[in-house]
Engineer: 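Let me begin by handing over the structure; questions about it come next.
Below, each value reflects all heavy atoms present in this structure, side chains not excepted, and no hydrogens, waters or symmetry copies. Just so it is clear, the model here is predicted, and its values are computed rather than measured.
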Amino acid sequence: MTEESAHHGDEATADGGGQSDELRSSSAYRSDGGDEGVVRRDRFSGGPARSFLSSLAADDRIFEADLEVDRAHTVMLAEQGIIDDDVAGEILTALDAIEVDGHGSLPDGEDVHEAIETAVIQRSGADGGKMHTARSRNDEVAACIRYRLREDVLEAIETTLALRESLVDVADAHTETIMPGYTHLQPAQPTTVAHWALAYEGAVRRDTERLLGSYGRINQSPLGGAAFAGTTFDIDRERVADLLGFDGLVVNSMDAASSRDFLLEATQALSTHATTLSGLAEDVIIFANRGFVDLSDDYSSTSSIMPQKKNPDTLELVRAVAGDAASGVQGLTTTLKGLPRAYNRDLQRATTHAWETVDAVTEASEVAAGAVATADWNEAALAAAAGDGFSTATGVADLLAANGVPFRTAHELVALAADDGADYDALEAAAQDVLGESLAAHVEPAAVETALEPAESVASRDSQGGPAPDAVAPQIESARESLAADEESRAAAIDALETAREALRSEVNGYV
């Protein structure tokens with residue numbers, strides 16, 4: 001994935017071939033299987049830095065994308081009369097053969113773009129070089145990255161949808177499963193498994209939204225920007241964008257060839273999702289430690305020496321992926337920081353951060369979805385722990401406040417009781433100290449006893465978004481509606497890409 005040499009389409013000869021007579025006659029254009037690349041002249045053909053400059057091995061990821069970009073560009077050149085139909089047919093036939101042979105069969109080159117062009121010329125002769133008319137490797141590689149990244153992002157989105165579905169299903173099954181809620185990892189207030197699961201569903205939903213938004217900005221075509229200053233040829237940028245399934249254009253040619261903000265945005269969105277996954281993993285690891293949840297054996301492991309152990313190893317790795325993703329953002333940001341417009345070779349090092357991040361986060365998201373879907377919640381242990389640490393204290397304070405006691409006074413009273421037994425007798429003694437009268441002067445003893453019960457405490461918290469079953473029900477409904485809408489958006493994007501692939505194939509078949 002390297003910058004174009006001086007022989008890009010903008011400086012092509014008038015016959016539309018894109019190469020000078022001198023270059024045509026050079027060994028790089030031999031049809032007898034010569035291995036030299038088509039871009040670098042003898043002065044730049046070797047040296048100790050050659051392997052350092054090459055991205056060919058890493059470019060395996062965008063091999064298929066490059067072939068599609070080449071096909072769309074070639075079809076457009078023929079349609080515009082820039083190259084002859086028979087030449088387009090030879091080029092497109094060669095590209096099909098190269099696809100069958102695979103990335104591993106490519107000749108040596110600086111990158112996959114040069115290697116494919118060299119292979120085309122080896123198969124079809126010097127006219128194969130006309131494929132590169134009116135473009136640069138700068139806009140070409142930008143298009144290939146976008147083409148491949150949009151597929152990766154759609155796959156990542158799919159895993160977020162699966163995780164959300166798992167969380168909503170857990171919520172639906174556990175609307176009345178009482179559990180302890182924590183702040184600072186200390187018992188705070190009782191809640192439900194459903195309320196906990198929906199808290200993470202909301203976060204993952206936003207992760208999905210960020211990735212969908214990122215997809216829209218990825219799916220813009222930079223082709224036609226050439227090296228950065230456009231081209232003299234009468235190209236049709238919109239036609240190429242349509243053939244490749246892009247939603248529109250990155251209009252400014254310098255922006256098209258050089259910008260990588262779409263890459264950074266996607267990596268940042270993935271890193272945010274990894275952070276959400278890390279918190280989810282941490283919670284489940286802690287719950288497993290306390291006997292609240294039992295992970296499936298498929299998402300656990302044992303010790304090499306202690307046969308009784310069941311470790312939440314998969315979720316520990318999910319938790320760690322947040323660090324990998326954060327490093328991807330940092331590496332990419334640092335690579336892009338301060339780069340002048342237009343193209344700079346630094347960009348060759350940028351994409352690795354994105355590829356590694358999307359792979360790691362997508363896998364972690366898929367694992368998290370499976371772990372949540374197959375986990376077994378210990379309802380008895382959760383209920384037994386729900387009242388730990390006087391977790392219903394806030395409910396008692398609320399009850400007193402609702403009956404005329406200033407909340408800060410009620411807070412002081414309940415805090416005093418928490419240090420002296422955390423039961424009705426302790427509350428009564430505290431009332432005498434703080435209020436100078438019996439608790440019963442303000443609230444019925446039976447109401448206080450009810451407020452001390454975790455299940456009743458949860459049921460009373462029926463404000464919008466709260467943990468009461470009546471408050472959780474609309475949250476579940478909203479989550480399922482949002483999930484269906486996002487699944488539809490992803491499906492529509494996939495359908496659009498498939499339609500474009502079929503349309504491009506149909507056009508190619510008309511030449512080969």
Engineer: Is a side-chain N or O of Ser482 found less than 3.5 angstrom from the main chain of Ser478, in a donor-acceptor match?
Structural biologist: no
Engineer: Hey, does Leu315 have a side-chain heavy atom less than 4.5 Å from the side chain of Tyr299?
Structural biologist: no
Engineer: Spell out, as yes or no, whether a donor-acceptor pair under 3.5 Å connects the side chain of Arg237 to the backbone of Leu223.
Structural biologist: yes
Engineer: For Leu212, is there any backbone N or O sitting under 3.5 Å from a side-chain donor or acceptor partner on Arg490?
Structural biologist: no
Engineer: Kindly confirm or rule out a cation-pi arrangement of Arg290 over Tyr182, judged by NZ or CZ under 6.0 Å from the six-membered ring centre and within 45° of its axis?
Structural biologist: yes
Engineer: If only atom types and distance count, is the side chain of Asn252 paired as donor or acceptor with the main-chain N or O of Met254 below 3.5 Å?
Structural biologist: yes
Engineer: Side chain to side chain contact (heavy atoms under 4.5 Å, CB included) for Asp70 and Glu140? Distances and angles first, verdict last.
Structural biologist: CA-CA 8 Å; Asp70 288 343; Glu140 182 182 2; 3.3 Å; yes
Engineer: Please report the closest heavy-atom contact between Tyr343 and Gln348, naming both atoms and the distance.
Structural biologist: OH-N, 4.3 Å
Engineer: Can you check side chain to side chain contact (heavy atoms under 4.5 Å, CB included) on Arg461 and Thr394, steps first, answer last?
Structural biologist: CA-CA 11 Å; Arg461 299 190 175 277; Thr394 303; 3.6 Å; yes
Engineer: So do the side chains of Leu336 and Leu347 get within less than 4.5 Å of each other, counting heavy atoms only?
Structural biologist: yes
Engineer: Report the C-alpha separation of Thr192 and Glu176 in whole Å, then their side-chain angles, then the decisive distance to 0.1 Å, and conclude whether the side-chain hydrogen bond (donor to acceptor under 3.5 Å, both in side chains) test is met.
Structural biologist: CA-CA 6 Å; Thr192 65; Glu176 297 187 9; over 6 Å; no
Engineer: Could you tell me the separation between the CD atom of Gln268 and the CG atom of Asp261, rounded to the nearest 0.5 Å?
Structural biologist: 10.0 Å
Engineer: With side chain to side chain donor-acceptor pair (under 3.5 Å) as the test, pick out the partner of Glu201 among Arg480, Arg164, Gln475.
Structural biologist: Arg164
Engineer: To the nearest 0.5 angstrom, please state how far the CD atom of Glu428 sits from the CG atom of Asp433.
Structural biologist: 10.5 Å
Engineer: Counting only heavy atoms from other residues, nucleotides and ligands, does the tally under 6.0 Å from CD of Glu444 exceed 12?
Structural biologist: no
Engineer: Can you give me the closest heavy-atom contact between His273 and Val204, atom names plus distance?
Structural biologist: CE1-CG1, 3.9 Å
Engineer: Are any non-hydrogen side-chain atoms of Thr333 and Leu264 less than 4.5 angstrom apart?
Structural biologist: yes
Engineer: Using a strict threshold of under 4.0 Å (side-chain N to carboxylate O), is an ion pair present between Asp247 and Arg150?
Structural biologist: no
Engineer: Ion pair present between Arg501 and Glu68, side-chain N to carboxylate O less than 4.0 angstrom?
Structural biologist: no
Engineer: Walk me through whether Ile62 and His113 qualify under side chain to side chain contact (heavy atoms under 4.5 Å, CB included).
Structural biologist: CA-CA 10 Å; Ile62 58 171; His113 322 295; 3.9 Å; yes
Engineer: Are the side chain of Asp139 and the backbone of Ser136 linked by a donor-acceptor contact shorter than 3.5 Å?
Structural biologist: yes
Engineer: Supply the atom-to-atom distance Tyr147 OH to Leu497 CG, rounded to the nearest 0.5 angstrom.
Structural biologist: 7.5 Å
Engineer: Can you tell me if CD on Glu437 sees more than 12 non-hydrogen neighbours from other groups inside 6.0 Å?
Structural biologist: yes
Engineer: Does Ser300 use its side chain to pair, donor to acceptor, with the backbone of Ser296 at less than 3.5 Å?
Structural biologist: yes
Engineer: Using modelled atom types and a 3.5 Å cut-off, is there a donor and acceptor pairing between side-chain atoms of Ser365 and backbone atoms of Thr362?
Structural biologist: no
Engineer: Please name the pair of heavy atoms, one in Thr276 and one in Ala203, separated by the smallest distance, quoted to 0.1 Å.
Structural biologist: CG2-CB, 3.7 Å
Engineer: Above 12 or not: heavy atoms from other molecules or residues under 6.0 Å from CD of Glu502?
Structural biologist: yes
Engineer: Indicate, with yes or no, if the rings of Trp196 and Phe292 have centres closer together than 6.0 Å.
Structural biologist: no
Engineer: If you define the side chain from C-beta out and look only at heavy atoms, does anything of Val443 sit under 4.5 Å from Val405?
Structural biologist: no
Engineer: Look at Asp242 together with Arg239 and state whether they make a salt bridge at an N to O cut-off of under 4.0 Å.
Structural biologist: no
Engineer: Report the distance from atom CG of Asn378 to atom CG of Asp294, rounding to the nearest 0.5 Å.
Structural biologist: 8.5 Å
Engineer: Taking the side chain as everything from C-beta on, heavy atoms only, tell me whether Asn138 gets closer than 4.5 Å to Ser258.
Structural biologist: no
Engineer: Where do Ala325 and Val361 come nearest, in terms of heavy atoms and distance?
Structural biologist: CB-CG2, 3.9 Å
Engineer: Kindly determine whether Asp486 and Thr208 satisfy side-chain hydrogen bond (donor to acceptor under 3.5 Å, both in side chains), including the steps that lead there.
Structural biologist: CA-CA 8 Å; Asp486 289 345; Thr208 304; 4.9 Å; no
Engineer: Under the side chain to side chain contact (heavy atoms under 4.5 Å, CB included) criterion, do Val153 and Ile218 qualify, and how do the steps go?
Structural biologist: CA-CA 9 Å; Val153 167; Ile218 293 166; 3.7 Å; yes
Engineer: Within this structure, what is the CD-CG distance for the pair Glu449 and Asp423, rounded to the nearest 0.5 Å?
Structural biologist: 8.5 Å
Engineer: Check whether more than 12 heavy atoms from other residues, nucleotides or ligands sit under 6.0 Å from atom CD of Glu363, and answer yes or no.
Structural biologist: no
Engineer: Phe246 and Asn219: which non-hydrogen atoms are nearest, and at how many Å?
Structural biologist: CD2-OD1, 3.2 Å
Engineer: So, do Leu439 and Val448 sit near enough that their side-chain heavy atoms are less than 4.5 Å apart?
Structural biologist: yes
Engineer: Search all heavy atoms of His174 against all heavy atoms of Trp377 and return the closest pair with its distance.
Structural biologist: NE2-CD1, 3.7 Å
Engineer: Is a side-chain N or O of Ser278 found less than 3.5 angstrom from the main chain of Ala274, in a donor-acceptor match?
Structural biologist: no
Engineer: Compare all side-chain heavy atoms of Asp324 with those of Thr357 and state whether any distance is below 4.5 angstrom.
Structural biologist: no
Engineer: Does atom CD (Glu151) have a neighbourhood of more than 12 heavy atoms from anything else shown, all under 6.0 Å?
Structural biologist: yes
Engineer: Given the ring of Phe262, does Arg146 sit roughly above its face, with NZ or CZ under 6.0 Å from the centre of the six-membered ring and within 45° of the axis?
Structural biologist: yes
Engineer: Under 3.5 Å, is there a donor-acceptor pair between the side chain of Ser271 and the main chain of Thr267?
Structural biologist: no
Engineer: For atom NE2 of His442, decide whether the heavy atoms of other residues, nucleotides or ligands shown that lie under 6.0 angstrom number more than 12.
Structural biologist: yes
Engineer: Does the side chain of Arg135 reach to within under 4.5 Å of the side chain of Met76, using non-hydrogen atoms?
Structural biologist: no
Engineer: Is the backbone N or O of Pro469 less than 3.5 Å from a side-chain atom of Thr175, with the two atoms forming a donor-acceptor pair by type?
Structural biologist: no
